[in-house]
Amino acid sequence: QIETIKAKYVGYKAFQNCFKLNSKIILYKGGSIEKDSFHNCEKIVFNNFVQNKKISKMENVTGKCGTNIDFTITFDDDDYYEYIATLHINGYGKMYNFSKYNTPWNDYKDSISKIIIDTKVTSIGSYAFYDFTKLSHIYFDQNMKSIGDYAFSHCTSLRSVTFEEGVKNIGESAFENCTYIDTDVKLPDSLTYLGNSSFLNCKRFDYFHIGSQLRSFNYHMFDNNGNIRFKVSKNNQFYTTLNGDLYIKNPLTLIKYCGYHSVDDQFGVNPILLNGVRKIGDNVFQKSLVSKVDLPDTITHIGSYSFSNCINLDSISLGKNIQYIGDYAFEYCKNLEYIEFPETVEYIGEFVIMYCPISLVFLLSSKAKIETYSFNSILHLNTLLIYTGESNPYENTSILVNNFKVCVPFQYEGDYFGSLYVYKSLFCGNCGTNVKWTFNSLTRDMYLNGYGNMNDYFLSKVPWDDFNPYIY
C-alpha cells in the first residue's frame, strides 16, 4: 500500500507481479525505468510518463575496450521514457575479450540500437555485444579479421549481418539465438574458421553462402532450420551443392537436405541426389516429408538417424551396394511396413527400425554384423528372414527382438540357394491329444487351446521349456 512512488531510477522487474499495487508513479526529470519494472501491475498510474514524455538528454559515456581502442556511447532523446543510444568503437587493433555481462557498456546495452566500428579495428572480443536486444544491423568491413565467441549471441532484434572480404574467423556461438536474422547470410571467401553453433537457432533466413576457403564447419547447427538452402563458391574444394542441398566432395556425401525438390515435383516426395553420391550423412532426412526413396546403387553408407521421424515414408529401396546402416536410421517411420537389407550389408546398427509398423524384415546378407538391439522395439514384427548362404555365420548369435532374447537360427525353412533361417513371433506345439500350446514372444503370453487332458511331464522337459523365463 504505497500511495505515491517517486524515483529517478527503477530497476529491472522491481515491482513485477505486484498485482494490487495502485500507486501513482512519478519519475524525476532525467530518470529512467528498466524493462518490466512494473510488469503485471495493471492498477498503477504513471504521472510524468504521460504528461512529460520528453526526458533530459544523457551525457556521453566513454571508456576503453582495447589497448588502442576507445568507445563512446551517445544518447538520443526518445519520445517516451527510454533512451536510444549509439555505441562508437574507435581506434585500431584488437578489442579485449569479455565475459558474459561484464563489458564496460553493459549498463547501457538495452538502449543501444546501433554500433559503429572504426575501419581500423581488427577484432570483436568475446561476449562484446551479447544480448544487445535493440541492435538490428551490423556491418564488418574488409579490415575486420576475427569475431569472438558469443560476440553477438542473443541479439534477438538483429535482422542482417554483412561481411566484407577480410573476415577469417567467426567464433563459437557468435550469432547464436539471433532468431530474427531474415536476410541471407553470405560468408566471405576469406573465412577459414566457423565456430560450432555460430548460427544456432537462426531460423528465418533462406540461404547460407559458403565461401571458397572454408574447409569444415558444424552443419548440424542447422538441423532445426527446415528452410535453409546452401550456396557454395565454385572455388571451394571441400563442399558443393545441388538444389540447395549440401554435399562434402570427398567422398561425395550428402550432409544437409533442404526438401525443396523431388522427382515427382511435389514437396519432399522422392529426393533428387547428386550423381555419384557415396554416403548419406547423419540426420540428413530426419523429420523431412519424403515418402518414397530410391537410393542409387552408388551409395554404400547410411548414417545414424538419417531417416528418423520421416512419418510419410512408406517405401524405400536401399540400392545394391549398401554396406553400413547407422543406429536409429529409420526409427519412428510410422508408415514403413517393409524393408529389405541387401546382401552387401556388412553392419546394421542399434534400433534401426525402432517403432516402425514393420511385420516382415528380409536380411539377405551372409556377412552383416548385427548388434544386439538392431531389431528391437519394432511395432508389428512377425517374421525376420535371414538368408545365410551355405553356412550360418549367425549360429548362436544372441540378439534381442522386441526385448525377447533369441538365438539364430530360430527355425529351419529350407535350402533354396542356401539356408533360410526364420524368426517368428508365435511358437506352438502339442501338449495333449487335443491340446495345443502357443507362446507369443512379442507379448510374452502363453496360451493353451483345445479340450481334454494335457500330457504329464513329471520331471521331464516341457515343450515350452526354453521360453519359461520370458512367460509373463
Side-chain angles (χ1 to χ4, degrees), residues 58-76 83-99 102-106 108-155 157-176 178 180-195 198-199 202 205 208-214 217 233 235:
M58 284 279 288
E59 296 296 327
N60 292 348
V61 176
T62 61
K64 291 189 71 65
C65 57
T67 304
N68 299 298
I69 303 176
D70 301 319
F71 74 88
T72 301
I73 304 174
T74 59
F75 298 88
D76 300 322
Y83 292 104
I84 301 299
T86 301
L87 175 59
H88 304 262
I89 308 294
N90 301 304
Y92 62 93
K94 297 180 178 180
M95 184 186 291
Y96 295 143
N97 288 318
F98 304 99
S99 57
N102 192 31
T103 58
W105 43 73
N106 185 67
Y108 309 96
K109 68 180 181 62
D110 291 334
S111 298
I112 296 172
S113 63
K114 183 187 293 186
I115 300 173
I116 300 174
I117 304 173
D118 195 308
T119 57
K120 296 179 182 178
V121 174
T122 59
S123 77
I124 302 296
S126 298
Y127 288 97
F129 309 116
Y130 182 92
D131 197 25
F132 272 42
T133 56
K134 282 191 172 65
L135 184 66
S136 59
H137 305 278
I138 192 68
Y139 169 80
F140 303 101
D141 71 10
Q142 60 187 4
N143 290 318
M144 182 62 63
K145 304 301 180 186
S146 178
I147 299 167
D149 297 344
Y150 297 89
F152 293 89
S153 179
H154 290 78
C155 293
S157 296
L158 189 62
R159 299 195 62 176
S160 69
V161 181
T162 304
F163 303 96
E164 295 291 345
E165 290 297 334
V167 176
K168 294 183 177 181
N169 179 88
I170 297 177
E172 171 82 20
S173 299
F175 297 93
E176 180 181 355
C178 293
Y180 208 60
I181 297 177
D182 58 2
T183 56
D184 296 342
V185 175
K186 185 175 182 180
L187 303 180
D189 288 335
S190 56
L191 189 74
T192 58
Y193 177 80
L194 184 64
S198 50
F199 287 90
C202 300
F205 58 83
F208 192 74
H209 300 247
I210 298 173
S212 60
Q213 299 300 315
L214 189 62
F217 71 100
S233 168
N235 295 322

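Residue F205 holds its CZ atom at 9.0 Å from OG1 of T183, rounded to the nearest 0.5 Å. Atom NZ in K64 sits 10.5 Å away from atom CZ in F71 (nearest 0.5 Å). Rounding to the nearest 0.5 angstrom, the gap separating the CG atom in D141 from the OG1 atom in T122 is 10.5 Å. Of the inter-residue distances, the one linking D131 atom CG with S153 atom OG reads 8.5 Å to the nearest 0.5 angstrom. C155 SG to I115 CD1: the interatomic distance, rounded to the nearest 0.5 Å, is 7.0 Å. K145 NZ to L191 CG: the interatomic distance, rounded to the nearest 0.5 Å, is 12.0 Å.
Closest non-hydrogen pair, I210 versus F217, comes out as CD1-CE2, 3.6 Å. Counting all heavy atoms, side chain and backbone alike, A151 lies closest to G125 at CB-O, 3.7 Å. Closest non-hydrogen pair, Y180 versus S157, comes out as CD2-O, 4.0 Å. Of all non-hydrogen atoms in M95 and S123, the two that sit nearest each other are N-OG, 3.1 Å.
Below 30°, between 30° and 60°, or above 60°: for F175 and F152 the angle between ring planes is below 30°, a parallel geometry.
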Side chain to side chain contact (heavy atoms under 4.5 Å, CB included) between L187 and I170: does it pass, once the steps are laid out? CA-CA 10 Å; L187 303 180; I170 297 177; 4.1 Å; yes

How far apart are the C-alpha atoms of K134 and I112, what are their side-chain angles, what is the distance that settles it, and do they pass the side chain to side chain contact (heavy atoms under 4.5 Å, CB included) test? CA-CA 6 Å; K134 282 191 172 65; I112 296 172; over 6 Å; no

Yes or no on side chain to side chain contact (heavy atoms under 4.5 Å, CB included) for N106 and F98, after CA distance, side-chain angles and deciding distance? CA-CA 11 Å; N106 185 67; F98 304 99; over 6 Å; no

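At most 12 non-hydrogen atoms from other residues, nucleotides or ligands lie less than 6.0 angstrom from OH of Y92. Heavy-atom contacts from other residues, nucleotides or ligands closer than 6.0 Å to NZ of K186 number 12 or fewer. More than 12 heavy atoms of other residues, nucleotides or ligands sit less than 6.0 Å from atom CD of E165.
Listed by first then second residue, pairs satisfying salt bridge (Lys or Arg N to Asp or Glu O under 4.0 Å) with a partner in residues 117-128 number zero, not counting sequence neighbours.
Not a single donor-acceptor pair under 3.5 Å links the side chain of W105 to the backbone N or O of F129. The main-chain N or O of S212 is found under 3.5 Å from a side-chain atom of D189 such that the two form a donor-acceptor pair. Within the 3.5 Å criterion, the main-chain N or O of S126 finds a donor-acceptor partner in the side chain of N97. Within the 3.5 Å criterion, the main-chain N or O of V167 finds a donor-acceptor partner in the side chain of S190. Judged by distance alone, the side chain of N143 and the main-chain N or O of T119 form a donor-acceptor pair under 3.5 Å. Not a single donor-acceptor pair under 3.5 Å links the side chain of T72 to the backbone N or O of T62.
Applying the ring-ring contact (aromatic ring centres under 6.0 Å, His included) criterion to Y130, with sequence neighbours excluded, gives Y101, Y127, H154. For H137, the side-chain hydrogen bond (donor to acceptor under 3.5 Å, both in side chains) test picks out S160, with sequence neighbours left out.
If you check the side chains of N169 and S146, you find a donor sitting under 3.5 Å from an acceptor.
By the 4.5 Å heavy-atom criterion applied to side chains, Y96 and I69 are not counted as neighbours. Using a 4.5 Å cut-off on side-chain heavy atoms (C-beta onward), I124 and I117 make contact. Looking at E164 and F140, their side chains never come closer than 4.5 Å, going by heavy atoms from C-beta outward.
Each of L158, L87, D110 was checked for a side chain to side chain contact (heavy atoms under 4.5 Å, CB included) with F132, and the lone residue meeting it is L87.
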